[in-house]
Amino acid sequence: MILSNCSGLSLALHQAMQKDNFRRLLRTVEALSDLGPAMTTERDFPQTARAMLSALQQAAGAREVVLFGYSDKPSLLSSVAADGFALMPDPAIIPLLPKHVHGLVSARGPILPAQGSHDTYLSSNGNVAPELFKCLAPLKVGGKLVGVVALGAAQAESGYDAGELEALDLLCHYVALALHNHSLTQTLAQRVSDNLRLMASLHGFYDSTLEAFAAAIDVKHVNIHGHSLRVGRYSAGIGEAMSLETGEIAALRSAGYLHDIGKVAVDKRLFGKTTSLDAEEFREMADHTVVGHKIVTGVEFPWPRIPEIVRWHHERADGSGYPDGLGLEDVPMPVRIVGLADTFDAMISARPYREPMSLGAALSELVRLTPSKFDPNAVHGLLLQIRRDTVGSNRSRFLEGHLADHIAASDVDQLAATLQHKMTKGRLFLT
Ligand SMILES: [Fe+2]
């Protein structure tokens, strides 16, 4: 009888415990199912953190809860979200010493710090008293501390029981991952934005410095004023029409600015000559490519192709150019683009020995000289930009002033068709 009473009692107790555990399990599952969508949707993190807080409150039976993120440089906890505390600074900051980090990392599951033992886990140098927290659940990913869930007063008078701590422990794995993902995303975003800023400041610096360089190169003679700046702009425009990447376009602009840097060493008198250059003078002029190459080699630019563009922008597809007599396949696309932009600008600009060519005549001549001298894709890019100018679809004009008014879109189309015809040798392709 006693035995049966005992076993009846133990059964009832067992059932009660099971029921209690079941309820707790149910509560945790509910909390997790609430948390799941919050963690996986593209919501902003404060919203996710609030959802996590309420799940933690429910599962652990806490009235007060705060979620801390951990950063190791400097080593501190800073609150991400808090609920229930009457006075909780926003953010609450708790600096950690190595012994605190060690205490938190070595804990297996949630900690109930005894009176006077808070110093094992938290310093009192922050803006919140560690004694406020009755329970600390370290958040770890891959053995590394990523944050802490700290509970204040419990809903139950008796404080937190084992079942609640178990539920808390279970949830903390998910909270740790969510927090870690968030800080990874934030670090990545921060890095990308830092790099962008650095690039922008670098490009800004180079752009303005190189513009000044370009102006200095062209100061030699009134006939070449603005030439390098225009070649930089045309090269970037052609690159853009060819759908090159932003970095390549920036490189083209800078290379265009600098392509004639070797001209600083050429006798100024040669630029004003109204007759053609003799052999010796031509050699001196042609040497600006080699001199320029010497100048820029060894200067650390963010774009590695600048020295070869400076050296080879007078090379031609059929090998008739200088200084190295290279063919089309021997020079990279950026060199071909700057070479084309350079020739195009020279054609439509006045020279002491000739009048400027009209836009239509210059383009016809370039198409005629393609592919023997120029790259067809680059010439096509040039035509595309000019066509956009003629129909007004360029955000900022490719050509200076109203130069594009001297040609009709249909003329450009005609030139593009001629170019296409030359490239396919009149064959028709059905696509
Ligand atoms: Fe040149």
Side-chain angles (χ1 to χ4, degrees), residues 39 45-46 48-49 52-53 55-57 59-154 156 158-188 190-191:
M39 281 165 58
F45 190 71
T48 306
M52 292 196 287
L53 279 189
L56 287 164
Q57 260 171 328
R63 277 200 286 122
E64 302 166 330
V65 58
V66 54
L67 173 62
F68 286 102
Y70 173 69
S71 67
D72 61 350
K73 282 179 193 140
S75 176
L76 54 84
L77 293 172
S78 57
S79 66
V80 176
D83 195 32
F85 289 98
L87 285 171
M88 179 60 63
D90 185 18
I93 305 280
I94 304 178
L96 298 183
L97 295 172
K99 67 164 185 173
H100 301 129
V101 176
H102 177 75
L104 290 165
V105 169
S106 6
R108 290 170 171 268
I111 310 153
L112 298 173
Q115 201 72 31
S117 75
H118 279 87
D119 186 47
T120 313
Y121 309 104
L122 303 174
S123 81
S124 45
N125 296 332
N127 59 0
V128 59
E131 290 73 23
L132 271 180
F133 308 124
K134 312 297 174 217
C135 174
L136 299 169
L139 302 173
K140 289 177 277 184
V141 172
K144 288 201 170 135
L145 190 68
V146 297
V148 169
V149 170
L151 308 181
S158 51
Y160 300 103
D161 65 25
E164 285 166 337
L165 294 181
E166 218 173 287
L168 176 66
D169 194 27
L170 180 62
L171 267 187
C172 278
H173 292 296
Y174 295 89
V175 174
L177 280 176
L179 197 63
H180 185 56
N181 280 347
H182 171 66
S183 72
L184 279 185
T185 316
Q186 272 216 319
T187 313
L188 193 67
Q190 188 62 47
R191 278 200 197 142

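Everything quoted here is computed from the prediction, not taken from an experiment. Note: hydrogens, waters and symmetry copies are ignored here, and every other heavy atom, side chains too, is used.
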Measure across [X] and [Y] and return the closest heavy-atom pair with its distance rounded to 0.1 Å.
X	Y	result
Tyr160	Ala62	OH-CB, 3.4 Å
Leu171	Ala55	CD1-O, 3.5 Å
Gly147	Leu179	CA-CD2, 3.9 Å
Cys135	Pro110	SG-CB, 4.0 Å
Leu67	Ala49	CD2-CB, 4.3 Å
Leu145	Pro138	CD1-CB, 4.1 Å

Quick check against the 3.5 Å criterion: does Lys140 have a side-chain atom that pairs as donor or acceptor with the backbone of Val105? yes

Checklist entry - Backbone N or O of Gly103 within a donor-acceptor pair of the Thr120 side chain at under 3.5 Å? => result no

The reported gap from CG in Leu112 to CG in Leu136 (rounded to nearest 0.5 angstrom) is 8.5 Å

Between the CD atom in Glu166 and the CG atom in Asp161, the distance rounded to the nearest 0.5 Å is 9.5 Å

Sorted by chain and number, sequence neighbours left out, ring pair (Phe, Tyr, Trp, His ring centres under 6.0 Å) with Phe85 holds for Phe133

Quick note, salt bridge (Lys or Arg N to Asp or Glu O under 4.0 Å) partners involving residues 129-139, not counting sequence neighbours, are none

Here the salt bridge (Lys or Arg N to Asp or Glu O under 4.0 Å) pairs for residues 113-127, sequence neighbours left out, are Lys99-Asp119

*Show the numbers, then the answer: is there a side chain to side chain contact (heavy atoms under 4.5 Å, CB included) between Val146 and Leu177?*
CA-CA 9 Å; Val146 297; Leu177 280 176; over 6 Å; no

Residues passing the salt bridge (Lys or Arg N to Asp or Glu O under 4.0 Å) test with Asp72, sequence neighbours excluded, are none

Contacts of [X] that satisfy side chain to side chain contact (heavy atoms under 4.5 Å, CB included) - sequence neighbours left out:
X	result
Pro91	Ser79, Ile93
Lys144	none
Ser124	Pro130
Ser71	Leu76

Contacts satisfying side-chain hydrogen bond (donor to acceptor under 3.5 Å, both in side chains) that involve residues 82-98 (not counting sequence neighbours) are Gln57-Asp83

Side chains of [X] and [Y] in contact at under 4.5 Å (non-hydrogen atoms):
X	Y	value
Val128	Val66	no
Leu132	Glu64	no
Leu122	Leu96	yes

Residues passing the side-chain hydrogen bond (donor to acceptor under 3.5 Å, both in side chains) test with Tyr70, sequence neighbours excluded, are Ser75

The side-chain hydrogen bond (donor to acceptor under 3.5 Å, both in side chains) partners of Ser117 (sequence neighbours excluded) come to none

For residues 96-117, the ring-ring contact (aromatic ring centres under 6.0 Å, His included) pairs (sequence neighbours left out) are none

